[in-house]
Structures are given as C-alpha cells and as structure tokens.
K.L.:
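I have a structure here, written as structure tokens, and I will follow up with some questions on it.
Naming: A, B, ... by sequence-line order, numbering from 1 per chain. The analysis underlying the following values was restricted to heavy atoms, covering all of them including side chains, and did not include hydrogens, waters or symmetry mates.
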There are 2 protein chains.
Amino acid sequence: MAGERPEARSGDPRTAGPARRAADRGRYGRLSRARVLASALELVDREGLSALSMRRLGAELGVEAMALYRYAEGKDALLDGLVEALYLELEERLAGQAEASSWRAELQRVARATYEVCLAHPQAVPLLTTRMLAVPLARRPLAVLRNHERVLTLLTGAGFDDAAVVGLFRAFNSWLIGYVSEELRPMVDNPDEEEPAFRLGLHRMPAHELPVLRGVAAALAERGGTEGLATGLDALLDRLAATG
Amino acid sequence: MAGERPEARSGDPRTAGPARRAADRGRYGRLSRARVLASALELVDREGLSALSMRRLGAELGVEAMALYRYAEGKDALLDGLVEALYLELEERLAGQAEASSWRAELQRVARATYEVCLAHPQAVPLLTTRMLAVPLARRPLAVLRNHERVLTLLTGAGFDDAAVVGLFRAFNSWLIGYVSEELRPMVDNPDEEEPAFRLGLHRMPAHELPVLRGVAAALAERGGTEGLATGLDALLDRLAATG
DNA sequence: CAGCGTATGTTTACGCCGTATACGTACACC
DNA sequence: GGTGTACGTATACGGCGTAAACATACGCTG
C-alpha cells in the first residue's frame, strides 16, 4: 500500500515527466472487466444505483470514464454485467455448500442462496427485473443462463415432461423474484423516530380511508425471511408437481 | 377539434399579438395532473420508459419542460404518478366487474385484473418494482394504498388472524409481481426470423454448455397466461390459509 | 369596468450524463 | 531497437433534471 502511488493523476504534469507507467493506470494497476464490475457493484451497494455513472465509476477506479468502454460496450452492458456479477456470486455460494439430495431440497437450496445474495445487495436487486425485461433470453448474461440450466436440469432429472418442467421453472423464478422484491420494499419512513407508528410514517396516510392497512402496517414491516420463501415455494412445487 | 388551434406555439410572434390565451397553453388547453400522467403513460407505452423525459413529455403536451413541475414535484414523482395511473386503471377495471362471492374468488379476480393491466402496459411494469423499492410504504401513491386496503380487508373479512393476513398478503403480492415480471421477459431475439430457433437467437448461446435450456427454450417462450397465474395463486392461498 | 394578486407557463442557465472520435503512450514481440 | 497494438486520455456534443427569475392572462375585488 504505502509504496503505491495513491493518486495516479496527481502531480504537476510539467515536472512529472512520464507521469505514470501504463501498469499504474487505474488506481491499483490495470483495469479488467472483473475489477470494473466489482467496483461498480461496490459503488451501487454503497450509494445506490443512481450513483452509478460512467464518470463516477471511472473516478472510483482512478480512470477516465471512456476507459470503461474497453470492458463494457456501454452503460446498459455494464448493468447487465452487474446482473452477471450477482449470479456469479450465487454460483460461488452454491459451490461452497453440499448439494441437496432431492430435487425439491436442491431447489430450496438454490432459492435460499438466491435470496441471500439479493439481500446482500439490495440496491442492485431492481436490476434483476429491469434488465430481464430489457434483454431477450438468448442475450442474458452467461451466468444467468447457467443458472437456468441448473434449475432446468434438476427438473428434467426429476422425470417431469416438458410442459411440467416449464411450468415449474416459471413458478420457481416468479416466486423467487417476487418474494425478494416484496421483501425489500422499504417500510420505515423515518428511521430516527422511536414511536413505531411514526417510524412507519403512518400519519402520512389518510387515516379513515385505510383502517385495515393501518392496523396491520406494523406486522407488515416484519420480514418473511427464508421461512416465508420456503413455504411458498413448497406450496407451488407441490401443486405443480402433482398437476404437471 | 377543428376549432382548436392545432399548434399553440406556431405563428409569427411579431404579428400574432398576444399569441395565445392562457387557456390555450398546452397543445389542447390547460394542463392538469391527469393530462400530464395520461400523456406520460401513453408515451411510455408507445416508446418505452427511456423515452420519457421532462423535455420530451413537455413537447408531447405542447409545453416547456418546466411547466410539468406544477403537476409533479420532479421526475421521480412523475414516475410514482405513472404507478398511480396504473392502479387507477386497475380500480376502474375492477369497478366495471361484478365482485366475486368468496374471498378466494375475489382475490383471483383482483389478480387477473392486475395481470391484464400490466400486460396492457408492459413498458411501464418495471416501475412497479423499481418505484416500490424506492418509496416507503406510507409514501406509496394513494391508489396503491387503496389496493392494499382492498386486499387486506378481504383477508381480515375472511377471518384470518393478523399473522395469517400478513402472510397471505405478502404471498399474494409476491406471486403477482413475480409472475407478471416473468411473463413479460422478452424471449424473441429476432422477430424477422422464421425458423423458431433463430427467432429465439439460440445460436447466440454456447450450445454444449446449455443443452437442457436449448431443448425447452421454445416451450419457455410460450406464456403462462392467466391460467398459470391462477394456478400458482391457488396453491399459495391453499397452503397459507391452512397453515395460518 | 379598473386594478391587482395569483395561477400558469417561459426563459435562461448550470452541472451532470452517455458516448463518438481522435489521440498519446508504454508494452510485447520480432 | 523498432514497431504494432492494447490501453487509457482528451475533447466535444447533445440531452438530461431542475433551480431561479420572469412574463402574462385569469378571476376576484371594488
């Protein structure tokens, strides 16, 4: 650390001669797609999606914005890269665990791991829906497709016919993304407030028009957690495995 | 129609005198929040979310961008307004139908109507997840809160205790938004292509690494439709109504 | 009808954004 | 040691959201 030039762009250009060797470019050496994506994800985790701009990310890496275009074709591709990064993290997490013995248990394991990755990067989760709605199947990041392959293999391996596999696959994905999205909806309006009702900002809602919502709002603010996730998934798999 | 000035900003300002009466502002008379939101939604439906900018929407209404700030506090508020518009459309649709007799059937009716509204505005659907993740409960648009109230009322009216109500409510929302999101994922890569495999762009995927996905891709491209929606919802409600 | 406050839309300007294009420059290889 | 190339820089353009100051026509008061 101490030996590294802390800010590659500092110093008077008139006296510094060749200000930096090429390998010094970027705050800690050469760029790479992995470094760009890791830095982008970290930035999003720290400051939210809206803080992610090419210029800002460049600054984060000690580099001009245009340098990033060697590693992502544009901003959209960068966002797809973030999605890919999340799925790579999912693959790592799954690889670090023992596979379950039944297809049901294995799907539960995948679901749980996905949930955990999403909760670890809540600010990035919106990308899972928005980019998926922007990119056709065949252009999804490879890690996403590998995840699809994993789930589909599990289902066909369990002996379901094509129609059932498709139904189960869709239900699995739907429930997963829906559950996570619902789980991450912010409930607290004013974190500094002690009183639960004020914390939730209930005084902002038209009182008499929404009596039931007011009543259960506090309970709604709790999370369903992985139990809720597992319960719903179980219900769906039961039904569709029987029908299909 | 014929009597209205087709383009309020046209004409030579040096000869036109007071170029327009105040009531002529905007392409068809005064602005209003409803008109702004309707125009925004139409623009999004027509050209996608990325086409929606303050300037562009202003032009659409025959008005400068800043004029819109009288009807929405900023771009984010405008997007929340779009979410509200979708829920208002849902309310209309529900009001135009007979209520179902059981709480189960009524939830199915609400789910189906929501699905239909979403499929009518596919380009706007990402807002349902992104804005929901950006806005705490108490600040959601009123129409959204009314929708929550409707569902919660249905559930408490059916006699469930608070814990069960919350579980069912969350499962309902999760499944709904997840199913719609999954349903709207684009599958076709090249609409001009005849051959199904090429249409899907399967040649872009690493063949040997994703054999199962390749095999079911065509089936995956079909939609689950309202049947799939109803089936999954039924499974969830069954399980959670029994457990809760 | 006269005058005025207010509601409504315009103008101008600022800093940020994504990105096309042209350009240096240090490295790897012969 | 010279050269091609991979990598990052520099500059520029049009569009974005929006703050602030401004113009104007309506509706109310007398």
K.L.:
Just how far, in rounded Å, is P of dA26(C) from CG of Leu31(A)?
P.N.:
17 Å
K.L.:
Take atom CG of Leu61(A) and atom C1' of dC7(D), then tell me their distance rounded to the nearest Å.
P.N.:
14 Å
K.L.:
Does atom CZ of Arg112(A) have more than 12 heavy-atom neighbours, drawn from other residues, nucleotides or ligands, at distances under 6.0 Å?
P.N.:
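No, CZ of Arg112(A) has 12 or fewer neighbouring heavy atoms, counting only those of other groups under 6.0 Å.
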K.L.:
Nearest 0.5 Å please: distance from the CZ atom of Arg140(A) over to the OH atom of Tyr87(A).
P.N.:
8.5 Å
K.L.:
Can you measure Tyr71(B) atom OH to dT18(D) atom P for me and round it to whole angstrom units?
P.N.:
18 Å
K.L.:
Does Glu73(B) CD have over 12 foreign heavy atoms under 6.0 Å away?
P.N.:
no
K.L.:
Is the phosphate of dG18(C) approached by Tyr69(A) (side-chain N or O, under 4.0 Å from OP1 or OP2)?
P.N.:
no
K.L.:
Let me know the distance between CZ of Arg30(B) and C1' of dG27(D), rounded to the nearest Å.
P.N.:
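That distance rounds to 11 Å.
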K.L.:
When the distance from CG of Leu68(B) to C1' of dG17(D) is rounded to whole Å, what number comes out?
P.N.:
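So the two atoms are 12 Å apart, to the nearest Å.
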K.L.:
Answer yes or no: does atom OH of Tyr71(A) have more than 12 heavy-atom neighbours from other residues, nucleotides or ligands under 6.0 Å?
P.N.:
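Yes, enclosed.
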K.L.:
Could you run down the sub-3.5 Å N/O contacts of the protein with nucleotides 15-17 of chain C?
P.N.:
from    : atom 1 : to       : atom 2 : distance (Å)
dC17(C) : OP1    : Ser53(A) : OG     : 2.9

K.L.:
Whole-Å distance between dA20(C) C1' and Glu73(A) CD?
P.N.:
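That distance rounds to 14 Å.
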K.L.:
Among dA20(C), dT11(C), dG8(D), which nucleotide sits nearest the side chain of Met66(A)?
P.N.:
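Closest nucleotide among those given: dA20(C).
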K.L.:
For residues 120-129 of chain A, pull every pair meeting side-chain hydrogen bond (donor to acceptor under 3.5 Å, both in side chains), keeping only residues two or more places apart or in separate chains.
P.N.:
Asp45(A)-His121(A), Glu89(A)-His121(A), Thr129(A)-Thr129(B)
K.L.:
In whole Å, I'd like the distance from the CD atom of Glu64(A) to the C1' atom of dA22(C).
P.N.:
15 Å
K.L.:
How long is the gap from CZ on Arg214(A) to CG on Leu220(A), to the nearest 0.5 Å?
P.N.:
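The distance works out to 14.0 Å.
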K.L.:
Give the rounded distance in Å between these two atoms: CZ of Arg70(B) and C1' of dA19(D).
P.N.:
13 Å
